[in-house]
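Lettering follows sequence order; numbering is per chain, from 1. These numbers were taken from a predicted model, which means no experiment stands behind them.
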There are 2 protein chains.
Amino acid sequence: MITISLNSPIPLHDQLVQEIRRLLADGTLKVGDELPPVRQLANDLGINLNTVARAYRELTDCGLLATSRGRGTVVLSTIEKTTEKPAEEKKRIETTLSSALADAKIAGLNRKEIELLVLRQLNKLWGVS
Amino acid sequence: MITISLNSPIPLHDQLVQEIRRLLADGTLKVGDELPPVRQLANDLGINLNTVARAYRELTDCGLLATSRGRGTVVLSTIEKTTEKPAEEKKRIETTLSSALADAKIAGLNRKEIELLVLRQLNKLWGVS
DNA sequence: GACAAAGTATCATAGTATGATACACTGCGA
DNA sequence: TCGCAGTGTATCATACTATGATACTTTGTC
């Protein structure tokens, strides 16, 4: 369900946050769902439990998860309020997207394949099955 | 032309590499084009010249740029051969794309807006004006 | 030759990601 | 009521590495 890359320049806990936010955005995780215990997820991914705990904490801090000692971690909300200024945010989004698409082209995917990938993900995000 | 974010989790030199590869992929930079001197680009972006130099060197190492002391840095090739195994690479591409799209949704863009952004970038990448 | 402009090398520093380990809270069953 | 297993949390050490200040080397031009 969650995958990370050990040789990405992006720190592990950031990758985790990204992944979980993605699962929240596309509806895979719903309010009330339990997340795996830090030890289990850490073990599954082959990383340290602190790294997972850190990701959980960051998401807790921005109100998406609720964690409590001894009980576990659950989804509190799937909606997040953005803090960035719209202008910067828009640029950031565009840059990220453009990079991802360019990367796909560099990897040898042709236009049709990329369009298919995008379409599939958009459908998932907007709940079309 | 090149933009980076100082508070991204992605290291500056990696962002630079990403950006330049994007410019190579979409045709903004062509074979033979000169890149800005490290000092100038560093100054424009408000970062250290070593960081720029590092990005140039990485791109030189994989055969995309040619640098020589005293003369500068030029585009040597716009085609890169991938080194990853196809399976892993495909997953990486998908993950990156999915993240970027989810991020866009989280930021409040609606489906149409995202589709437009994607279309525009694809057109740029495949040379449609 | 002198000089300006390009990339390169060296070194220091601070930040931080990661991990090993021990702690504290919760709930359940004997 | 006690213990125990299963949670997340806190602490600390370590190693890495991104970044930057500075000095060096090469190239071309006047």
Side-chain angles (χ1 to χ4, degrees), chain A residues 1-21 24 29 32-77 99, chain B residues 1-21 24 29 32-77 99:
Chain A
M1 179 149 114
I2 292 177
T3 66
I4 57 175
S5 162
L6 289 176
N7 45 1
S8 159
I10 304 177
L12 296 180
H13 69 267
D14 279 311
Q15 291 187 53
L16 267 178
V17 167
Q18 224 173 18
E19 283 285 280
I20 295 171
R21 293 206 316 157
L24 292 171
L29 284 174
D33 284 355
E34 288 188 0
L35 276 82
V38 290
R39 283 168 184 76
Q40 181 187 322
L41 184 52
N43 197 57
D44 289 350
L45 297 174
I47 62 179
N48 191 273
L49 90 179
N50 288 313
T51 309
V52 177
R54 176 166 179 182
Y56 281 8
R57 183 158 41 79
E58 287 177 10
L59 290 162
T60 302
D61 287 346
C62 59
L64 293 172
L65 303 182
T67 71
S68 66
R69 262 190 189 171
R71 276 183 297 185
T73 304
V74 301
V75 177
L76 185 62
S77 160
S99 268
Chain B
M1 181 148 114
I2 293 177
T3 67
I4 57 175
S5 162
L6 290 176
N7 45 2
S8 160
I10 304 176
L12 297 179
H13 68 267
D14 279 310
Q15 292 186 52
L16 266 178
V17 167
Q18 225 174 16
E19 282 285 280
I20 295 171
R21 292 205 317 157
L24 292 171
L29 283 174
D33 284 353
E34 289 187 0
L35 276 82
V38 288
R39 282 169 185 77
Q40 180 187 322
L41 184 51
N43 198 55
D44 289 351
L45 297 174
I47 61 179
N48 192 273
L49 89 181
N50 287 313
T51 308
V52 177
R54 178 165 177 182
Y56 281 9
R57 181 158 42 78
E58 287 176 12
L59 289 162
T60 302
D61 288 346
C62 59
L64 293 173
L65 302 182
T67 70
S68 67
R69 264 188 187 173
R71 277 184 296 185
T73 304
V74 301
V75 177
L76 186 62
S77 160
S99 267

Which pairs with one or both residues in residues 33-46 of chain B pass salt bridge (charged side-chain N to carboxylate O under 4.0 Å, His left out), sequence neighbours excluded? none
Compare all side-chain heavy atoms of Arg54(B) with those of Asn48(B) and state whether any distance is below 4.5 angstrom. no
Under a 4.5 Å cut-off applied to non-hydrogen side-chain atoms, are Leu16(B) and Leu45(B) in contact? yes
Spacing between Gln40(B) atom CD and dA6(C) atom C1', to the nearest angstrom: 12 Å
Would you mind reporting whether Ile20(A) and Ile2(A) have side-chain heavy atoms less than 4.5 Å apart? yes
Could you list the residues that satisfy side chain to side chain donor-acceptor pair (under 3.5 Å) with Arg21(A), not counting sequence neighbours? Glu80(A), Asp103(B)
Taking CD1 from Ile47(A) and P from dG19(C), how many angstroms apart are they, rounded to a whole number? 7 Å
Can you give me every donor-acceptor pair (side chain of residues 60-71 of chain A, partner residue at least two apart or in another chain, under 3.5 Å) with its distance?
unit_1, atom_1, unit_2, atom_2, d
Thr60(A), OG1, Tyr56(A), O, 2.7
Ser68(A), OG, Arg71(A), NE, 3.2

Under 4.0 angstrom between Thr73(B) side-chain N/O and dG7(C) OP1 or OP2: yes
Report yes if the side chains of Val75(A) and Leu35(A) come closer than 4.5 Å at any heavy-atom pair, otherwise no. yes
Verify the contact: side-chain N or O of Arg54(A) to OP1 or OP2 of dT18(C), cut-off strictly under 4.0 Å; return yes or no. no
With each end axis built from five pairs of C1' atoms, what bend angle do you get for the helix from dG1(C)-dC30(D) to dA30(C)-dT1(D)? Round to 10°. 10°
Check side chain to side chain donor-acceptor pair (under 3.5 Å) between Gln18(A) and all other residues, then give those that pass, not counting sequence neighbours. none
Can a side chain N or O of Thr51(A) be found less than 4.0 Å away from OP1 or OP2 on dG19(C)? yes
Glu58(A) CD to dT18(C) P: how many Å, rounded? 11 Å
Pairs satisfying salt bridge (charged side-chain N to carboxylate O under 4.0 Å, His left out), at least one member in residues 9-19 of chain A, at least two apart: Glu19(A)-Arg22(A)
At under 4.0 Å, does any side-chain N or O of Thr67(A) touch on OP1 or OP2 of dT7(D)? no
For atom CG of Leu41(A) and atom C1' of dT18(C), their distance in whole Å: 15 Å
In whole Å, what is the span from the CG atom of Leu45(A) to the P atom of dT18(C)? 12 Å
What string of B, S and - do you get for nucleotides 21-30 of chain D, 5' to 3', when a contact is any protein heavy atom under 4.0 Å? BBB-BBSS--
Among residues 4-21 of chain A, which residues get a heavy atom nearer than 4.0 Å to DNA chain C? Pro11(A), Leu12(A), His13(A)
Residue set satisfying side chain to side chain donor-acceptor pair (under 3.5 Å) with Ser5(B), at least two apart, ordered chain then number -> Asn7(B)
Partner set under side chain to side chain donor-acceptor pair (under 3.5 Å) for Gln40(B), not counting sequence neighbours: none
